[in-house]
Amino acid sequence: MSGMQSLRIIGPKGFRISAQKLAGSSLIWSRKSSIFAPTDTYARRHIGSLDENDTEHMLNTLGYASIDALVAAVVPKKILTRRPLRVKPAEGFTESELTKRLKEIAAKNAVLRSYIGTGYYGTIVPPVIQRNILECPEWYTSYTPYQPEISQGRLESLLNYQSLVTDLTGMSIANASLLDEGSAAAEAMLLSFHSTRGKKKTYYVDPSVHPQTLACIESRASVFGINIVGELPENDKDLFGAVAQYPATDGSVNDWSALSGRVHAAGGLFAVASDLLALTVLKPPSEFEADIVFGSSQRFGVPMGYGGPHAAFFAASDSHKRKLPGRLVGLSKDRLGDDAYRLALQTREQHIRREKATSNICTAQALLANMAAMYAVYHGPKGLEAIANRVYSIATVFAFELQKLGFNVVNQTWFDTITIRTLDADKVLAHAVAQYGINLRKVNETDVSVSMDETITKEDLVDLISVFSTLSNESPAAVITQDSVDELANKLGISSISAAPIPSQFKRGGKILNYKVFNNYHTETEMLRYIHYLQSKDLSLANSMIPLGSCTMKLNATTQMAPLSWPEFGSLHPFVPRDQANGYTELISELEADLADITGLDATSLQPNSGAQGEYTGLRVIRAYLDATGGSHRNVCLIPVSAHGTNPASAAMAGMKVVAIKCTAQGELDIADLQAKAEKHKDELAAIMMTYPSTFGVFEPRVRDAIDIVHNYGGQVYMDGANMNAQIGLCSPGDMGVDVCHLNLHKTFCIPHGGGGPGMGPICVKSHLEPFLPGHPVVTMAGDKSAAIQPVSAAPWGSASILTISWAYIKLMGGKGITKSTEYALLNANYMAERLKNHYPILYTNSQGRCAHEFIVDVRGMKETADIEPIDVAKRLQDYGFHAPTMSWPVAGTLMIEPTESESLAELDRFCDALISIRKEIRQIEDGEQPRENNVLKNSPHSLKDLLTGEWDRPYSREQAAFPLPHLKERKLWPTVTRLDDAYGDLNLFCTCEPPALEPEIHS
Ligand SMILES: Cc1ncc(COP(=O)(O)O)c(C=O)c1O
């Protein structure tokens, strides 16, 4: 590209751009380019203010001649390496090239029919849900509903999910999702463990549990010295709980009352892994006194996606509501006394409790929980029962036909899964793939299981039976036809689904899902309107910027999202033979290599499903390394007080003792304190966890000193990579000397937050830690896994299908483009800080007065001068059409703003204008022109109802309330409720839909 450097090139709006100024200028479409130069280059679409005039204006505001000069003022010289990234192509693919390349990759995945089961099933995603939720930016780009007034839509949907789960499991309370079934099982065990205050150490895992679930339980247990047993001990004094699967992994349906009774007699908790579809027709686990019920809601309309993402569900009896891991949606009241939803009992969220936490879960699977809830809304109780009865009936026909053919059906009871004893399981599996294009599950050397699902047709059933009939000893092989399966169904008396002969001892009695919402929207028109009704209440990136510090809400581009809906990525079961997933293998290894290059580290594990899960995995890997190198006694983890709550929570989950490190008044790590604590704990020092740039939004100049201190005392260095958006291409954890780092792909690498998930938290490590990266009990992963830690997720590559998004982002931007993203993330944040600094104090900056990619606005002083708190500013911002910045974290009484690189100058200015205008409103209170109570901030946000009904007796006008800036008259998202009463919601905890008689009209 050297020839290009001297050209004057033309930016997107036709402005002239100095190529020298914009290093990497080939990222921009140029009028002087060859007529064959593509017009769909991507970086200029991603970076909001790449335009020359905008860039120049921002740099002028800051007083720098170039972006390089700004970067030099922001990033400490010692760590600014600008190592050219190896990411190919360096200039990035165009959008059409990217799609073509992804199609090539996708074609290498073979989409066969999979009846492998074990927690993953074929499902039909209702197109109305696929297009209007999974593929709809209003749903997938919204954030965790911490600002309930502009999140009522997804909160209602998550409440529907909780109602679905409580109803089907028969339990009192359910959360709004967990990461996957395996990690939910580990959470169930830990809840049980902590309920006996960790005094008892034995946990029984029944053989009915899926193998990957057992592995995740064992993995988590190893840290706490918990003894996992596969047989109930004679003496159960030490037993704190047990878990069984219902229906079991071999398909059988068992009454777990006796086991439950025994566990309770020993003073333990009984957990049941279950399946929501089965529970529509089978007795709920509450009937055998389960304390906890968990599982995956994948088969409620969420594609298998080679492992995820899917929402795990987690329900418990009422007494455990304060210990429940994950988020909980509850009903409360707003300022006008109207019902409104919010996240309930938030202080109960475990990661907030730092090292005292009993779980580290933060991001979960909100988008997928919403899909599952909507699937239930769309099908309703009758539809769901019909699907379940159909699955059961087809399984029954299959079982009887196989028995007729002389096969030994291992399980005597079933819902959807039949296990068959054969002579050679491998032979059956190979035959099924080669002759019928069907994947079955190998249970052991002789047993093969077949799990029926919603997608199965009569032809599929014929093929499934034929797999076995063509193997049977009878000669010639029985010919199975559609007529013969019809005949058998007739003979069994189950030709109609209403006649499904579920054995009476397991048959569910009474109505399910007797809530209005599950009984109202069964036509596509009604369903579409319900989805749209909810979505129109919520603020997402489709409306305006979401400047949440530490959360990196950047553009999630359509080209990156589109492949998620392709069957080549969506329809693969995670346990298919590896040679059917060659496309995934290629994409995964390219992504692993790119992430390792970006972080300056050597190897990557894509297994963790969230940032917190990445932290936990990284620490477990460190633990394994220390154990293998004579450092078993090392268990102290140093964590700065500024760290995100998940850091100490993860350290606690990894069995480490947390020692806090102070920060200085300038917001930097207190190196003297670090030195002293490292010295004090030198014999037990395992690791330090640090976030870089720090959570205070500055590049600490002495980061290398901190790393050296920890290494000198024999500890490993863990970097929380949540802020990687400020580093890529400029500096890297590996180059700084870090040993392991997690990345939040749902921040830096464009996976959207989905209203609270999915996420992905891969870890990258130096070579000495690579042997310990997690393995998997079912799928053989590449490399020598003999030293691998046990899995942290149910699937080998976590939520594999969304890896396509991050892969696509990196490949579209190229090595140069992602570096430019970083530069603009720094530029945008510093520009905003500069505009705001005369109106609000900026809390921490470096010696040059600069922040990193985010900054903290201090409103603490306004408490005294105007009785204004961050929440008042946050809620007033909703009246200006914006989502609030991160509130009161990492410093109470402040707001942390992170604009990201993908916001345009116009949007950055709109947001600054809003904050400046709010400052003027606060000044009016300070000056006594407005009362300290009953002012426009205290009463914010203003819903239409608040503005239009009743007398108006406030000391400000309706117009001031609604349209404080002129552009809002044209374009604004209205909060649908007024400020929520948090205390009311927690005191009157209500976490399901209201029973039908009480439920208000949805559209009223
Ligand atoms: C600095 C930091 N570390 C870790 C996390 C945890 O990531 P996750 O929510 O994906 O578990 C967050 C989440 O916001 C964060 O901001």
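Values below: all heavy atoms of this structure, side chains included; hydrogens, waters and symmetry mates excluded. Note that ligands are numbered from 1 as they come in the structure, with each ligand's atoms numbered from 1 the same way.
Remark: among candidates Met689, His742, Glu615, Lys747, the nearest residue to atom 14 (O) of ligand 1 is Lys747, based on non-hydrogen atoms.
Closest protein heavy atom to atom 6 (C) of ligand 1: Thr646 OG1, 3.6 Å. With hydrogens left out, the protein atom closest to atom 11 (O) of ligand 1 is Ala612 N, 2.8 Å, a heavy atom.
Both the backbone and the side chain of Thr363 come within 4.0 Å of ligand 1, counting heavy atoms alone. Contacts between Asn744 and ligand 1, counted as non-hydrogen atom pairs separated by less than 4.0 Å, involve the side chain only. Here Ala722 has side-chain heavy atoms under 4.0 Å from ligand 1, and that is the only part of it that gets that close.
Going from atom CD1 of Ile688 over to atom CG of Asp739 covers 11.5 Å, rounded to the nearest 0.5 Å. Atoms CZ and OG1, from Arg327 and Thr144 in turn, are 4.5 Å apart once rounded to the nearest 0.5 Å. Here Phe696 contributes atom CZ and Thr664 contributes atom OG1; the two are 8.5 Å apart, rounded to the nearest 0.5 Å. Once rounded to the nearest 0.5 Å, the distance linking CG of Leu669 with SG of Cys663 reads 6.0 Å.
Remark: ligand 1 atoms within the under-4.0 Å shell around heavy atoms of Ser550 are 1 (C), 15 (C), 16 (O). For ligand 1, the atoms closer than 4.0 angstrom to any heavy atom of Cys362 are 9 (O), 11 (O).
For ligand 1, the polar-atom distance check finds an N/O of Asp720 within less than 3.5 Å of one of the ligand's N/O atoms.
A distance below 6.0 Å separates the ring centres of Trp889 and His644.
By the 4.5 Å heavy-atom criterion applied to side chains, Ser142 and Arg154 are counted as neighbours.
Remark: the Tyr625 side chain and the Lys766 side chain contain no N/O donor-acceptor pair separated by less than 3.5 Å.
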